[in-house]
Each structure stands twice: as structure tokens, then as C-alpha cells.
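Structure record follows, encoded as C-alpha cells.
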Amino acid sequence: MILNLEDELLDLLSNLDVKSFIMASSAHEETDLDVAFVEGSVSTEEGLERLKDIRKRSKILIAIGDCAVWGCVQAMRNQEMSMKERMRKVYDKEENFYDVLEPKGLSAYVDVDLEIPGCPIDKIEFLNAVLSLLHGDLPEVKDYPVCVECKLNEYQCLLVEKGMPCLGPIIVAGCNALCPGLGVDCIGCRGPIRDETNAAEELNVLKEKGYDEKYIKNRLKFFGANFGEIAKLSKMLEKKQPGKGGK
Amino acid sequence: MKYVKLPKENLDAFVENLKTHGKVYGPVKIGEYYSFQEINNSKEMSLEYSRTMIPPKKFFLKLKERLFTFNEEKGEYKETLEEEKIVVFGIHPCDINALKLMDKIYIDETPDKYYKMRRENAVIVGYGCHPDEYCFCHSLGTNYAADGFDLFLHELKDGFFVRVGSDKGNAIVSEISELIKDVEGSDIEEFRAAERKREKEYTLELNIRGITDMLALAYESEVWKEYADKCFGCGSCNLVCPTCRCYDVVDNVNLNLKSGERLRRLDSCMLRKHGLVAGGLNFRPTRIERLRNRFNCKGSLREDTLNCVGCGRCTVYCPSQIDYVEVLKKVRGEL
Ligand code: SF4
Ligand code: SF4
Ligand code: SF4
Ligand code: SF4
């Protein structure tokens, strides 16, 4: 997504002194950094060590993308089975060959100064964050639900008017309500809102609209499995219907 | 006030005339909801609409807009708003009364030049309505627009009973003298009977007497927690409200780091950052406090009326079906 900023990329790079950007250039320097943008979830011991090292070397650490913020889809089965069980299911062996950890976002392990959510991120949101930092301002943090952007665009509410299982009320805005604007209910690719999202009520509302618990649980966990309240709901539902978590 | 009659068959010719006063907007059905959109003729409108999701406030306090561009190097800023003449056709009485409340704030008390300019450039054509189960405007006395419009149309069997509410309205009426007639005794009787009938159509009541005291006394009430547990903090209730006036601004800088733009968008006190001030203090950190604030803002007195016109939008568009009237009945202890 960053490389897709075709029109802005050269000007942007001329303002920056890039020490490492493996996706764009093989030049790579392990040095102290003003700002580190880190993507990807922490899912191995090796990755965790690398993250801790980057944290030590950086004044500002910014998590970009849902993987780095919440752990994303690879975290979907968290709370449902142990790592051992997962290894057994996939490799038919219980040993943890690759030192795999339950997938989590960066903030589960280190201090994160800013999170730019999304799967994928919105390149303009990224650009504005970088420009704000270069300008000496705090980047704008959107910490309100997608519904706000539906209203600001005057998009019809798919949940209220059509009974569609929209996750917009619990998902952080910033996509400009892209999906609802196209008549598609939000599946939550930008993840929940830290310390704010009311996931229990989303479960209630969707149940009232006739969706079954397992469907809702999977929907909530698709991008938000590591969000505290969703994790709690997942455990609770798992107790009610053990074994029904898998495919 | 002056009263005239517009025969039904002349409605389109009337709309044609309105086009000479600016772009004409009217209530249009899109999917399952209504929205004020630009129209070419009366057939594009759904004049029997219940309510638009976004109130006509959007023409004056825009949902989102760019206010100006700036250049720090040159130390200058350039306003980017354009003057545009518009006609908003078909506004219901509650929304006209809501605009009057907005005028008090953004024209009289803390003038907002963008708002004021747009109001001056607009012709307001009101349209009579029938309540549905969410309307409680009659409890607030906002179910009738006594003023605040240029023209107001009430439907009759064969035409419209037109109230002329301003000099602007009068000027329009004199331009279309060949399209209108004098009102006759039978028209007046029909109008009066329709108004009597309409008064009886309301099913939802909200007792607002002493509501400001009731809210103050319910400060510690359990009611806020009960509904805060259901609330998403999604802001929809404020963003669809015709009397909510809060906005937020954000600056975006360009790649040269010297120039940029200032944007503004409607805000909502149900959002976490509404109560955030410099230094990181938030004076309404929880949804309980935010919900209570919203109801107190709506229920505080502005001269003789509340900050609510009873349009029902906040209940209809709440994804969690939090019922505004029900909350206030609990505040009073009626439920
Ligand atoms: S469509 Fe979804 S995101 Fe948009 S307002 Fe409705 S619930 Fe919120
Ligand atoms: S508070 Fe609700 S009912 Fe009252 S004016 Fe606002 S949206 Fe309408
Ligand atoms: S404080 Fe809340 S209720 Fe009052 S005008 Fe602002 S958004 Fe509306
Ligand atoms: S619309 Fe409903 S859920 Fe959203 S903030 Fe308002 S009361 Fe809460």
C-alpha cells in the first residue's frame, strides 16, 4: 500500500532518510531510528526478539496494518484451541517446530506509539500520519466507529434499514465507510476500537436480527480475536458450544 | 401572513420558477431511506416522506467540508467556500424549527460566517407532514412552523394551501401570480380540518414539563449505565439530529510541509474524543458520561424550547435501538 503511493512516493522519500524498507530496497541498516513502522503480527519467538530490538532502537514505534495492531485473521482461532492442538491439526505432531506463538499484535508485547489499522491500510491515512509527524504534529487518530463515516457520507444504514450484519458500530473508522457506501456490510477489516468497542452489544443486536451465535462469533473474530471483549465473548460461547469453533 | 393557493397541476411550473432562485433540492427516496437531493421536477420527489436520515441542516452546517487552504511560508490562508443559491423544498415543521434553533447559535450567539452565508442564500419551502410512530414533535410544540420559512405548502385535495412567510417568499409568489389563486372559504375550511385531524394522529408523547430539573435530579441514576451498556458510542444519534451543532476540525499538510488545508466535519459528543482537551485530559471518558451529557444537552432549555424538536431520528437510526423517549421517561420515573 505504501508503494502504491505512486504520485507521492518520491516527494515523500525526499523528506525521509530511510534506513530499512525491505519491500522496496535491499539497502538495510540496523541502527537507531526516529520512527519505525512495523507491520506483521508477532507469531514466533524470533519475530518477538526482532520486535523488541526495533523498539529499543526507535524513538517512535508505529504499528501499521491489522496484523501489527490486532493479529488479524491468523489470530481467528485464538481462545479456541491450544498451540499444541493447532500443531496437531495442521502437522499431525504436537511439537512446536517453529517456536510459534499465538498470533498477536505488537502492543501485546511492546509499547506502541501509534497504530494505523486496516487490512490493508489506507494509503492516504498513512501518508497523512507521516506528513503530520514531519510537520511536528500529532497524527490524527480516528477512534470512532465506521457509522460516523456512513453518516458523514449520507450512506444508508445497512444494519438499521436492511438488517444486514454490519460490524460498523464496533469497527474503527478511517476507510470512509468504503463497504457500506457500496452496499456491502462492514466485515471489520480495520479492527475494533481499543478500550471502546462494545462487542457484547454487537452480539445482542445481530442475534436479535436473527443471526446465529456461531456465525456472529466467527464474524467478530475474523479481524478482532485479540480484542479483550471479543476474546471474552469467544470463550463464553466456546463453553456453550464446545468443539464448534473449528471449520 | 399572506395565504394563497397553488393548484396541483401547477406544481411543476412552480418548481420551474424555483429553479431561477437556485438549485432545487427535495426529499428523494433512495433504497429504503430518504435524502434531500437535487431535483429537476416534482415527480422526482417523495413528498409523502416520513423523515430524511440526514436533516436539511446539512445545507448550512455541512457534514464535512474544506474551510480553507493555508500556506505557512507565505503566512496566508485562502477560504475555499463557494456561494451558491439553493432552494430546499419540502422541509417538515420540526426541521424548520430546528433550523431556527441553529440560527440562534450560529447567527446570533456565536456567528459562523459559513452557516450565515448559506442561510442567506437559501429559500426554504416547508411542506406539511403526517406523524409516524417515532414523531413526538407535538409534545415539544414543534409540529407547526409558525415562521422560519419563505413559503409553506399544506396539501389540499386539489392543490396546496400556501403560507407566505417572508419577503423572499412574497417576491416568489408575485413572480408566479399566473400560477396561483386566492384562497377561498372552502380551502380555509379544508386546511383547518386537516390540521385538526393531524393533531389527533400523534401516538407518541413525551412529557417535557420540568425536564431540565428531572435530568439534574437523575444525575446519579442507574438509567445512564443501563443504556450506556447498550450504546456503541457510534455518534449516529448526534449526526442525524437536526439540532446538534458540534463540529471538529483537522489540518492536513501537503508534501512540501508548508501548505495544507483545514477540514471540518460534524462531531458527536458520543465519540470519545469530544471530551478530550489539551494535555490529554478527557472530561467524559466513559459512555455513561457521554450519554448523560447528550441527554442533558438535548434537554437543556434554550429560551422557551429544548434542544430537541421531536423528529425521532436518533431513535430510528440508533443501531442499538436506544429509544430517546423511553430514556427520558425513565429519567422521570414514568417507566
Ligand atoms: S451501514 Fe454499518 S457502518 Fe454504516 S451506519 Fe449502518 S451499522 Fe454503521
Ligand atoms: S434529539 Fe432526537 S428526536 Fe430530538 S431533534 Fe435530535 S434526533 Fe430529533
Ligand atoms: S453536545 Fe452532543 S447533544 Fe449537544 S449539540 Fe453537541 S453533539 Fe449534540
Ligand atoms: S446512535 Fe445509539 S448506539 Fe450510537 S451513540 Fe447514539 S445512542 Fe449510542
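This one's a predicted model, so the numbers in the text were calculated from it and none came from an experiment.
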Side chain, backbone, both or neither of Val253(B) within contact of chain A (heavy atoms, under 4.5 Å): both
Output the distance between atom CG (Leu158(A)) and atom CD (Glu32(B)), rounded to the nearest 0.5 Å. 9.0 Å
Side chains of Asn153(A) and Lys64(B): any donor to acceptor distance under 3.5 Å? yes
Using a heavy-atom distance cut-off of less than 4.5 Å, which residues of residues 172-181 of chain A contact chain B? Asn176(A)
Heavy-atom closest pair (Pro145(A) atom, Phe232(B) atom, distance to 0.1 Å) is CG-O, 4.2 Å
Tell me, side chain or backbone of Val205(A) under 4.5 Å from chain B's heavy atoms, or both, or neither? side chain
Part of Asn204(A) within contact of chain B (heavy atom distance under 4.5 Å): neither
Turns out that what part of Asp229(B) lies under 4.5 Å from chain A's heavy atoms comes down to backbone
Evaluate Lys151(A) against Leu63(B) for side chain to side chain contact (heavy atoms under 4.5 Å, CB included), listing each step before the verdict. CA-CA 8 Å; Lys151(A) 298 297 172 303; Leu63(B) 295 165; over 6 Å; no
Pick from Asp7(A), Leu134(A), Leu10(A), Asp11(A): which one makes a side-chain contact (heavy atoms from CB on, under 4.5 Å) with Leu255(B)? Asp11(A)
Using a cut-off of under 4.5 Å for heavy-atom pairs, which of Met53(B), Met270(B), Glu72(B), Arg287(B) has the most such pairs with chain A? Arg287(B)
Would Glu196(A) and Arg290(B) satisfy salt bridge (Lys or Arg N to Asp or Glu O under 4.0 Å), going step by step from the backbone distance to the final call? CA-CA 12 Å; Glu196(A) 170 74 8; Arg290(B) 285 180 255 152; 3.0 Å; yes
Pairs of heavy atoms under 4.5 Å with chain A: top-ranked of Ile54(B), Asn256(B), Asn254(B), Leu266(B): Ile54(B)
Is it the backbone or the side chain of Val141(A) that comes under 4.5 Å from a heavy atom of chain B, or both, or neither? both
Please flag which part of Leu257(B) lies under 4.5 Å from any non-hydrogen atom of chain A: side chain, backbone, both or neither. both
Using 0.5 Å steps for rounding, measure from the CG atom of Asp137(A) to the CG atom of Asp251(B). 7.5 Å
Using non-hydrogen atoms only, which part of Glu208(A) is less than 4.5 Å away from chain B: side chain, backbone, both, or neither? side chain
Contact winner vs chain B - Leu127(A), Ile193(A), Val148(A), heavy-atom pairs under 4.5 Å: Val148(A)
Test item: Tyr33(B) side-chain N/O and Glu154(A) main-chain N/O as donor-acceptor pair under 3.5 Å: yes
Can you tell me which portion of Leu12(A) sits under 4.5 Å from chain B's heavy atoms? Options are side chain, backbone, both or neither. both
Roughly how far apart are Leu159(A) CG and Cys318(B) SG, rounded to 0.5 Å? 9.5 Å
CG-CD distance between Leu263(B) and Glu140(A), expressed to the nearest 0.5 angstrom: 8.5 Å
Who wins among Lys258(B), Lys273(B), Lys58(B) for the most heavy-atom pairs under 4.5 Å with chain A? Lys273(B)
